[in-house]
Amino acid sequence: MADVAQMAKEWWLLAVLGIVSLVCGVLAIVYPDVTLLAVGIIFGFYLLMAGVFELVDAIVGDPASRALSAIVGIVALLAGLICLRRPGDSLLAIIVVLGAYLIVTGVVRLVRAFASVEHRGWALLTAVVDLILGILILSWPDESLVTLAVLFGISLIFRGIFALVAAFQLRRLRKEGGSDMAPPITAAPA
């Protein structure tokens, strides 16, 4: 109960998160190109950090895996630099990989669907949907990127709405609970 009481006191943090999420979601839908560039840049910085950590691991880590860590670190650094230099193109590569993955998955599911008797209809439907989506993504990769940004924006909007609803429920709980709520535990008993 103390955890709920503490969360109810901090309801406004969840409300701020909800508002920020809503604003970011709307901006992602209105400006999908800028959103994609931001994602590419963030991904580039992530790869740079991952590369540095791998190189540090190659220097001070387990001697048996130092060479592998060094290779992964160098590849991550190079990929991060490429993402920072050309963030739009790096996202295009991700979309192409996603399209190829969906096509391969669709073919495998199609073969499995014919090999299995149980739930064959659903398996065939899933396989065909994967194949169609993979083909569409590879046919129109630029539109797929914009669609990705818009879907991300829609996701942020829904997350923002849910965060706001939860925040105001916590606020109502705090007002209704008043003194009934247990105070947070601040120190261990002696």
Side-chain angles (χ1 to χ4, degrees), residues 1-53 76 79-103 105-106 125-126 129-130 132-186:
M1 186 67 173
D3 291 337
V4 174
Q6 185 62 32
M7 286 176 55
K9 286 182 182 178
E10 311 297 337
W11 69 271
W12 62 272
L13 288 172
L14 197 55
V16 169
L17 175 68
I19 291 169
V20 168
S21 184
L22 279 171
V23 169
C24 289
V26 169
L27 289 174
I29 291 172
V30 174
Y31 302 109
D33 295 336
V34 175
T35 301
L36 291 170
L37 287 177
V39 168
I41 291 169
I42 291 168
F43 190 62
F45 279 119
Y46 167 78
L47 287 172
L48 285 178
M49 288 189 331
V52 168
F53 284 121
L81 290 173
I82 291 169
C83 285
L84 289 175
R85 176 94 171 120
R86 310 223 14 157
D89 293 340
S90 60
L91 289 172
L92 190 59
I94 292 170
I95 289 295
V96 169
V97 168
L98 176 65
Y101 168 77
L102 286 172
I103 289 174
T105 304
L125 178 65
T126 304
V129 167
D130 280 352
I132 291 171
L133 286 175
I135 291 168
L136 288 174
I137 286 172
L138 290 179
S139 298
W140 297 296
D142 290 334
E143 287 80 8
S144 299
L145 280 172
V146 172
T147 302
L148 180 67
V150 170
L151 291 176
F152 179 66
I154 291 170
S155 171
L156 285 174
I157 289 172
F158 278 108
R159 289 171 190 261
I161 290 170
F162 289 134
L164 284 171
V165 168
F168 285 109
Q169 285 178 342
L170 283 172
R171 181 176 180 234
R172 183 176 46 85
L173 180 68
R174 180 175 177 229
K175 283 185 175 184
E176 288 175 359
S179 61
D180 295 346
M181 296 181 126
I185 300 172
T186 55

Check your understanding: Residues in ring-ring contact (aromatic ring centres under 6.0 Å, His included) with Phe168, at least two apart?
Key -> Trp11

Practice item. Scan residues 151-164 for pairs that pass side-chain hydrogen bond (donor to acceptor under 3.5 Å, both in side chains), counting only residues two or more places apart or in two chains. Key: Ser155-Arg159

Practice item. Calculate, to the nearest 0.5 Å, the distance between atoms CD1 and CD1 belonging to Ile161 and Ile19 respectively. Key: 12.5 Å

What side-chain donor-acceptor pairs closer than 3.5 Å can you find for residues 24-48, not counting sequence neighbours?
{"unit_1": "Thr35", "atom_1": "OG1", "unit_2": "Tyr31", "atom_2": "O", "d": "3.0"}

Review point. For the atom pair CG (Leu14) and OG (Ser21), what is the distance rounded to the nearest 0.5 Å?
Key: 10.5 Å

Point to revise | Heavy-atom closest contact (Leu92 atom, Pro141 atom, distance) | key: CD1-CB, 3.4 Å

Revision key, fill the gap. Note: Leu102 and Leu133 closest approach over all heavy atoms is CD1-CB, 4.0 Å

Point to revise | Stepwise side chain to side chain contact (heavy atoms under 4.5 Å, CB included) test for Leu138 and Val96 | key: CA-CA 6 Å; Leu138 290 179; Val96 169; 4.0 Å; yes

Practice item. Output all residues satisfying side-chain hydrogen bond (donor to acceptor under 3.5 Å, both in side chains) with Arg86, sequence neighbours left out; order by chain, then residue number. Key: Asp89

Practice item. Taking side-chain hydrogen bond (donor to acceptor under 3.5 Å, both in side chains) as the test, write out the residues that go with Gln169, two or more places apart. Key: none

Practice item. Please round to the nearest 0.5 Å and tell me the distance separating atom CZ of Phe158 and atom CG of Leu22. Key: 10.5 Å

Review point. Nearest heavy-atom pair of Ala167 and Ala15: which atoms, and what distance?
Key: CB-N, 3.4 Å

Check your understanding: Only one of Ile132, Ile137, Ile135, Asp130 clears side-chain contact (heavy atoms from CB on, under 4.5 Å) with Ile103; which?
Key -> Ile135

**Study point:** Residues that Glu143 engages under side chain to side chain contact (heavy atoms under 4.5 Å, CB included), provided they are two or more places apart
**Key:** Trp140

